[in-house]
Asks: 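Before anything else, here's the structure in question.
Values below: all heavy atoms of this structure, side chains included; hydrogens, waters and symmetry mates excluded.
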Amino acid sequence: MNPQDNLQNDPRLTAFALGELEPAEREVIAAQVAADPQLQALVEEIQAEGRWLEEALEAEGGLSLGAERTSQILATTTPKVVPLRASPKPARSWARAGGVVGLLGAIAASTLLFVKSSRESEAPVEVNAALAPTGSEVPKANSASVPPATPRSVSARDGEAEDDLLGYSRSPVPAVPAPTMSARGQPPQEPEETNRGPSTNKEGLLRAIESVEQADKFEGRARGFAVGGLAGGPVGTRATAGAGASAGALGASGTAGRGGAFAGLSPVSEPDPTGGEVYQEAGTQGFVSTVEHPETTFSIDVDTASYSNVRRFLNRGQLPPPAAVRVEELVNYFGYELPAPEDGRPIGITVDVTDAPWNAERLIARVALKGRTTHGDRARANLVFLIDASGSMQAPARLPLVKQSLRLLLKELGPDDTVALVVYAGGSGVVLPPTPVANRRQILAALDRLEASGGTNGAGGIQTAYRLAKKSLVPGGINRVILATDGDFNVGITDRRALELLISEEAKSGVYLTVLGFGMDNLNDATLETLADRGNGHYAYIDRLAEAKKVLVDELASTLVPIANDVKVQLEFNPAKVAGYRLLGYENRRLANRDFANDKKDAGEMGAGHAVTMLYELIPAGRSEGVDEQARRYQRTLTPAADSGELFAVRVRYKAPGDSQSQLVERPVHESSGHFRGGSQDLRFATAVAAFGLLLKGQGEPGLDFAQVAEWADGARGRDESGLRRELVELVQKAGRLTPAVANLVDQSTFMDNLPLFSRSLRSCGPRPAGVVGVAKLELVVTFGADGKVENVRMDSSPKGTELWSKCAVQQAKAWRILAPGRRQQAVVPIVLGP
Amino acid sequence: MASRVTAFRSSLDAPTPVSGTAPQASAAPEALAELIARYERPLLQYTHRLVGDSEQAKDVVQEAFLRLVKDGPRDEDHARAWLYTVCRNLAFDQRRQERRVQTPPELSKTDPPTVTELLVKREEGVAVQQLLLQLPANQREVVRLKFQAGLSYKEIAAVTSLSVSNVGFLLHVALKTLRRHFEEERRRSEVQS
């Protein structure tokens with residue numbers, strides 16, 4: 001046994017990986033680990049395992065003490081905890097005042113669901129998302145308006161006897177999960193029995209906290225709409241407002257005071273690189289006003305990996321996580337018939353516009369770019385395959401598929417092309433130096449020798465691969481590193497940055513990068529996409545041999561032969577014709593408008609025959625939907641071009657390969673709107689795919705459901721020789737079948753459990769409606785039948801300006817469902833749309 | 001069952017001043033609310049596994065918070081481990097009372113998975129609970145305390161009355177076992193698909 005074997009089985013290694021060693025010991029272990037790649041890999045593995053456990057355990061169970069118990073605890077605090085004892089670490093004293101909600105991150109609208117019996121008082125409910133400038137401080141007014149529950153209030157409830165306490169634990173009160181009900185074996189409470197007093201302010205606060213917290217934890221990736229605020233009856237109203245206020249304060253940071261007609265409640269990510277355009281963090285739903293931001297600029301994306309990944313999930317009977325759905329990659333997975341570019345330019349532009357199928361008051365604009373196709377004789381190729389042969393690649397869908405895929409590609413190459421093989425696992429090495437394809441047998445033999453083992457060190461292998469590619473660089477030819485991996489780089493986050501930097505640097509040498517993702521479990525989608533972008537390359541996800549054929553054989557030319565670099569697209573809208581717009585997809589591809597003409601600014605690449613399709617949803621000026629007023633006000637100051645009748649102009653900038661100066665193509669688009677059904681087949685199909693993506697991301701629109709989308713797609717299949725469009729239709733139907741299944745998972749009639757699902761559906765109505773001044777308070781009253789289906793929805797109190805949003809919310813709520821509660825129930829959903 | 005609730009509530013009966021108006025600058029309830037908001041979930045998750053019943057778990061956690069207010073540490077670092085210790089002791093007390101010491105019910109059969117659990121199962125493909133059930137109870141507990149509660153080795157040692165090195169050993173073995181099961185699970189699911 002050597003010392004390393006010992007360390008592998010030494011609890012100190014685990015402690016080291018988890019950061020639990022004392023400094024002295026830590027250094028000893030660190031030195032040993034640093035000297036041994038296998039130990040490094042093990043450390044990474046332990047850390048990854050820990051992260052997985054944290055996440056998985058974090059998500060376990062939607063448990064909460066419930067409002068009643070929490071208020072009982074809080075009721076004891078006031079006299080006892082204040083004044084505070086000095087604490088050894090004052091900074092971390094839990095007893096210190098602090099933003100209760102501050103830790104919860106940005107929160108937009110607030111809702112809280114609770115069930116009350118139909119006869120219960122319909123007193124106005126106030127919820128408040130008044131957002132403070134920062135989340136770190138609870139406004140003073142808050143503590144004043146939210147008096148701590150006093151013992152008196154507790155004993156008052158005591159006076160109502162055990163029954164009442166049980167009542168709280170049963171359905172009428174939201175915060176208490178339903179197991180209480182079944183656990184106590186009480187018969188369901190009949191609506192007639194209920195005549196409870198209002199909730200106290202304190203409970204409101206707690207529920208708000210609880211629900212925010214739950215929603216937050218439940219879907220960590222889907223920020224942007226959360227739950228806060230409160231409930232109350234005639235007496236509790238004032239206090240309730242206070243409770244809501246503090247919940248709102250919690251979520252304040254990042255949302256307050258955002259401009260933009262449509263920006264409203266959306267949390268905004270990062271310092272805005274678009275010069276003031278307001279977008280939501282990944283998953284844009286908001287429309288952008290053309291008055292404020294007539295231009296939009298982004299880098300093209302010809303990746304398609306998201307589609308295969310989505311397909312993989314659906315075929316496994318799961319809905320893909322929303323973050324894995326990139327609408328533009330779904331749309332661009334499919335081939336469209338586009339005219340070849342005219343006048344010798346490398347890129348042609350096609351635009352068509354119709355009514356949006358889900359909302360006749362909006363338009364869908366398709367902007368498609370088509371790259372020149374090559375004519376047979378392409379330049380010589382110098383390909384370096386960089387193959388991840390780490391242990392995780394062992395599975396059939398990984399390394400074996402990689403080998404099969406490369407054999408396919410090999411058949412497509414000419415005898416003069418060269419191929420090299422580099423593997424990276426624990427160490428990385430050249431398995432095959434650049435070898436002419438004429439020596440096919442030698443290449444195949446090297447491929448066959450590949451075996452998966454050990455950890456992964458992505459960076460070392462990439463360096464080697466680039467070195468080889470540069471060594472045998474074919475001037476004017478195709479020089480490309482093709483990385484095949486499951487994305488499971490066992491390198492830390494800082495290394496990942498270094499890796500990106502390294503690739504950006506190498507890309508300048510004229511060697512492009514293609515990233516092929518393989519594998520089922522830990523496909524690291526985001527990393528791979530980033531790497532491909534940095535490496536002037538593209539990224540495809542290969543889940544089966546047919547996909548390898550599509551990517552490596554059918555699209556070989558475009559995959560390998562770049563015809564235009566740094567392709568940027570800019571649209572300028574005519575505010576006289578278009579009031580608002582949103583781009584469907586391309587969340588991570590936006591560029592600042594000023595970078596459009598900045599040739600130093602990197603953007604996407606197009607290969608021969610590549611096509612890129614972008615879809616915009618437009619709100620025409622002069623139709624309903626809030627923005628108009630503002631638009632009309634500014635219209636008078638528009639330039640004469642505004643009267644041209646043009647909807648927008650498309651500008652494309654690109655560089656010919658090898659050039660450092662960009663060229664500009666521009667094309668105005670006139671109104672050519674018609675009914676969706678009259679639109680071109682490709683437009684209809686692409687729109688259906690985009691709608692599919694939006695639904696999967698939980699960003700559906702009213703009038704949009706999977707069945708409907710499947711119909712649109714089916715009606716626009718065309719010849720579909722590859723069968724890919726038919727497959728999409730099936731996937732949409734599959735997703736449709738899976739979606740209600742999620743709602744049906746609810747095994748208790750607990751609103752808290754439903755909350756994330758419900759709030760997600762409301763979120764799809766978009767952020768705060770334009771035209772609402774101040775805080776708008778809405779109340780959605782949903783009646784569920786004994787079968788758990790929604791019988792009736794109405795929006796009580798719908799302040800001016802929120803009508804459209806309300807309509808959408810009502811529409812969304814109709815699809816809600818709870819597991820058969822055995823009796824009719826009513827849920828009141830107070831919603832606050834704050835500034 | 002209701003009697004248990006009543007029993008706990010009796011601790012509220014102490015004659016404390018009733019103020020009809022909001023005490024100015026009394027930040028404590030908010031701080032406590034924050035503390036509850038932050039820890040009730042992991043505490044309930046942990047306690048639930050010890051007592052096997054979500055209502056009992058709530059009783060225990062509520063009681064722990066009540067005791068914290070009464071005479072627990074004021075700083076959060078200590079409060080955290082302290083809360084777990086109290087929950088653990090109370091849970092064992094209860095189990096002793098109910099003579100259930102022999103059957104620590106990690107996810108008892110009668111307890112339907114919650115929605116979140118089901119979703120996690122769907123998302124992860126592998127249910128973490130199932131994996132954890134492969135471990136002996138003492139390892140399971142330290143895994144939960146480490147990764148669910150986020151306690152350090154030292155804190156876990158304090159909570160469980162084990163030595164720090166014992167905690168390290170249990171975790172080490174547990175993680176190793178889990179990695180093995182995880183890998184098997186992964187292979188199995190790949191073969192299936």
Asks: Is any side-chain heavy atom of B/Y153 closer than 4.5 Å to one of A/L21?
Replies: no
Asks: For a quick test of reading the model, state the closest non-hydrogen atom pair linking B/L151 to A/E20 and the distance between them.
Replies: O-OE2, 4.3 Å
Asks: Would you list the atom pairs, donor with acceptor, under 3.5 Å between side chains in residues 162-173 of chain B and any protein atom, with sequence neighbours excluded?
Replies:
residue	atom	partner	partner atom	Å
B/S163	OG	B/S165	OG	3.4
B/S163	OG	B/N166	N	3.0
B/H172	ND1	A/T14	OG1	2.4
B/H172	NE2	A/N9	O	3.4

Asks: Which pairs pass salt bridge (Lys or Arg N to Asp or Glu O under 4.0 Å) with one or both residues in residues 154-169 of chain B, sequence neighbours excluded?
Replies: A/E22-B/K154, B/R80-B/E155
Asks: Measure the CG-CD1 distance between B/L178 and A/I46 for me, rounded to the nearest 0.5 Å.
Replies: 12.0 Å
Asks: How long is the gap from CD on A/E54 to CD on B/Q148, to the nearest 0.5 Å?
Replies: 10.5 Å
Asks: Specify the closest pair of heavy atoms between B/R179 and A/L42, including all atoms of both residues, with the distance to one decimal.
Replies: NH2-CD1, 3.9 Å
